[in-house]
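When a ligand or atom number is given, it counts from 1 through the structure's own listing order.
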Amino acid sequence: MKLQKEIVWLGLIILVILVIVMGLEWMKAGQTVKPKSLVMTIKDDARTSRAFTWYTTKLDIASVLQLVKGSEGKFDGENVMEITGSTSSIDTDSHGDQGVHKAEVSKLEPETTYSYRVGSGKDKEWSVPVTFTTEAEELDEFTFINVADSQGITEEDFELWGMTLNKAFETFPNARFIVHNGDLTEDPEDELAWDHFFGKATKWLTQVPLMPVTGNHDEVDGVADRYIAHFNLPDNGAENSIEGTTYSFDYGSAHIVVLNTESNMKEQTKWLEQDLADTDKPWKIVAMHRGPYGGKTNGKVKDWVSIFDKYKVDLVLQGHNHEYSRSYPLREGTIVGDGSNIVNNREGTVYVVPNTAGQKFNEKKEDQFYHQVHFQNEKQMFAGVKIEGDTLTFQAYDVVGEKLDEFVIQH
Ligand SMILES: [Fe+2]
């Protein structure tokens with residue numbers, strides 16, 4: 001009798017376990033794999049191409065990009081373009097392995113709006129459709145946003161980053177791309193921070209290309225793998241640099257060079273010189289993290305400064321200091337110009353640190369001879385850089401919309 005009872009109980013327990021296991025399997029099968037951390041970049045010609053990166057929590061699923069002309073976002077006609085990109089995986093400390101998806105599209109039409117979505121190719125596994133517009137063939141005027149050191153840890157930190165970009169695009173609604181001067185998150189091994197970095201600014205980072213610079217936090221311990229896995233960037237950089245940490249690209253009349261102050265600096269000097277010698281664009285802009293003339297000088301990049309002087313670079317965008325600074329126009333380490341807010345005839349290079357787009361403010365450093373503007377306002381900041389023919393206008397704002405600096409470079 002007792003044995004019979006035990007057999008019944010055992011049977012019941014096995015049945016319950018079976019139901020649970022089958023239920024879990026059924027739930028797993030029904031689970032959709034939504035793309036996250038989607039970001040658009042410029043990898044090739046900004047008139048005809050765009051590049052994309054996204055992550056998934058599931059590994060080994062396809063990377064599919066679909067595009068269609070116009071802003072309606074209907075992906076069921078014969079005009080839908082479909083591109084299969086590459087899938088890899090990365091081990092992250094906080095989230096285990098993540099699927100890394102990269103795809104690019106080329107042969108787009110200039111000055112044209114496209115709707116796009118990314119996913120595994122299966123129904124219900126697509127990102128929300130959004131739009132972007134390619135660069136015009138003949139472009140007289142454009143604006144881009146410049147920010148630095150979003151460098152957050154928590155969700156609240158990245159809410160500040162999201163708010164900064166919201167205000168930046170409210171102030172410069174036609175901005176065509178973003179340059180970020182480095183230190184995107186505090187710890188690149190913390191994948192949750194990346195989720196928030198992209199998540200709190202999805203609206204902008206999926207529709208306007210983000211061109212990042214590698215900061216000391218991004219390349220912690222001399223390795224930038226968890227940072228660079230998140231971006232699909234030009235591979236035209238310096239020999240032996242970590243791919244994607246040094247590159248240059250063109251937009252309209254501007255040539256923009258991104259340097260990496262964290263590694264392989266000597267070889268970048270040669271590459272920088274060649275890169276600037278090769279361009280015929282009238283506006284030359286450089287972005288780097290630990291710049292030569294920020295809150296204080298950084299002598300480690302003095303070889304690069306000689307090249308900026310030689311090729312008459314207009315503007316150097318810097319990060320790292322978490323305060324606002326703008327130099328007088330400089331040549332060979334000396335102030336040039338008339339001390340006004342207008343730089344004429346490529347007489348000097350202006351070096352800026354646009355404070356921070358994150359939560360961390362540093363105490364204002366001692367004023368240096370080259371500082372034309374230098375302050376700590378303890379509010380997140382952004383700048384709009386507008387190029388219109390022979391005139392570049394740089395305007396810096398805080399997160400609540402107050403304009404705190406403005407200068408003009410006149411060719
Ligand atoms: Fe920083």
Side-chain angles (χ1 to χ4, degrees), residues 39 145-165 168 178-198 200-201 205 210-228 230-231 242 244-246 258-263 265 286-301 304 316-327 351-366 368 371 374-383 396 398-399 404:
V39 60
I145 303 286
N146 187 232
V147 284
D149 294 274
S150 38
Q151 211 179 314
I153 302 166
T154 66
E155 185 170 357
E156 290 74 38
D157 295 344
F158 287 103
E159 262 157 26
L160 298 169
W161 152 245
M163 279 161 56
T164 308
L165 283 190
I178 305 161
V179 174
H180 189 309
N181 308 348
D183 281 359
L184 280 58
T185 70
E186 171 76 19
D187 174 8
E189 305 197 353
D190 175 9
E191 196 55 38
L192 194 57
W194 287 112
D195 284 358
H196 297 315
F197 174 84
F198 294 106
K200 298 294 174 191
L205 305 184
L210 172 68
M211 306 308 284
V213 172
T214 313
N216 51 306
H217 285 263
D218 307 311
E219 196 171 314
V220 71
D221 300 333
V223 187
D225 53 345
R226 276 139 186 187
Y227 154 78
I228 219 64
H230 273 293
F231 299 99
I242 300 166
T245 65
T246 63
V258 170
L259 295 169
N260 179 355
T261 52
E262 309 311 309
S263 60
M265 292 172 70
V286 173
M288 70 172 92
H289 189 61
R290 293 195 259 191
Y293 297 104
K296 56 181 186 176
T297 50
N298 174 14
K300 285 186 182 160
V301 294
W304 297 353
V316 176
L317 306 168
Q318 314 164 112
H320 195 59
N321 293 132
H322 300 239
E323 56 170 10
Y324 187 89
S325 70
R326 190 243 295 181
S327 79
Y351 297 79
V352 180
V353 179
N355 208 329
T356 164
Q359 84 293 354
K360 184 186 164 196
F361 301 104
N362 286 347
E363 208 172 293
K364 187 190 153 206
K365 290 187 174 52
E366 221 172 280
Q368 304 290 325
H371 281 144
H374 186 206
F375 59 80
Q376 178 52 277
N377 56 321
E378 304 215 335
K379 279 198 180 88
Q380 289 72 38
M381 287 186 69
F382 60 89
D398 69 16
V399 68
L404 299 174

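Between His230 and Phe198, the ring centre distance stays below 6.0 Å.
Rounded to the nearest 0.5 Å, atoms CH2 (Trp304) and CG (Asn298) are 9.0 Å apart.
Residues satisfying the side-chain hydrogen bond (donor to acceptor under 3.5 Å, both in side chains) test with Glu378, not counting sequence neighbours, are none. Scanning for side-chain hydrogen bond (donor to acceptor under 3.5 Å, both in side chains) contacts around Thr245 gives Asn260, with sequence neighbours left out.
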Scan the side chains in residues 145-152 for donor-acceptor partners under 3.5 Å anywhere in the protein, sequence neighbours excluded, and list what turns up.
{"unit_1": "Asn146", "atom_1": "OD1", "unit_2": "Asn181", "atom_2": "ND2", "d": "3.1"}
{"unit_1": "Asn146", "atom_1": "ND2", "unit_2": "Val179", "atom_2": "O", "d": "3.0"}
{"unit_1": "Asn146", "atom_1": "ND2", "unit_2": "Asn181", "atom_2": "OD1", "d": "2.7"}
{"unit_1": "Asp149", "atom_1": "OD1", "unit_2": "His322", "atom_2": "NE2", "d": "3.0"}
{"unit_1": "Asp149", "atom_1": "OD2", "unit_2": "His320", "atom_2": "N", "d": "2.7"}
{"unit_1": "Ser150", "atom_1": "OG", "unit_2": "His180", "atom_2": "NE2", "d": "2.8"}
{"unit_1": "Ser150", "atom_1": "OG", "unit_2": "Leu184", "atom_2": "O", "d": "2.9"}
{"unit_1": "Gln151", "atom_1": "OE1", "unit_2": "His322", "atom_2": "NE2", "d": "2.9"}
{"unit_1": "Gln151", "atom_1": "NE2", "unit_2": "Glu186", "atom_2": "OE1", "d": "3.1"}
{"unit_1": "Gln151", "atom_1": "NE2", "unit_2": "His217", "atom_2": "NE2", "d": "3.1"}

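Residue His374 is tested with Glu323, Glu366, Arg326 for a side-chain contact (heavy atoms from CB on, under 4.5 Å); the sole match is Glu323.
Around the Fe ion (ligand 1), the protein atoms of type N, O or S that sit closer than 2.8 Å are Asp149 OD1, Gln151 OE1, Asp183 OD2, His322 NE2.
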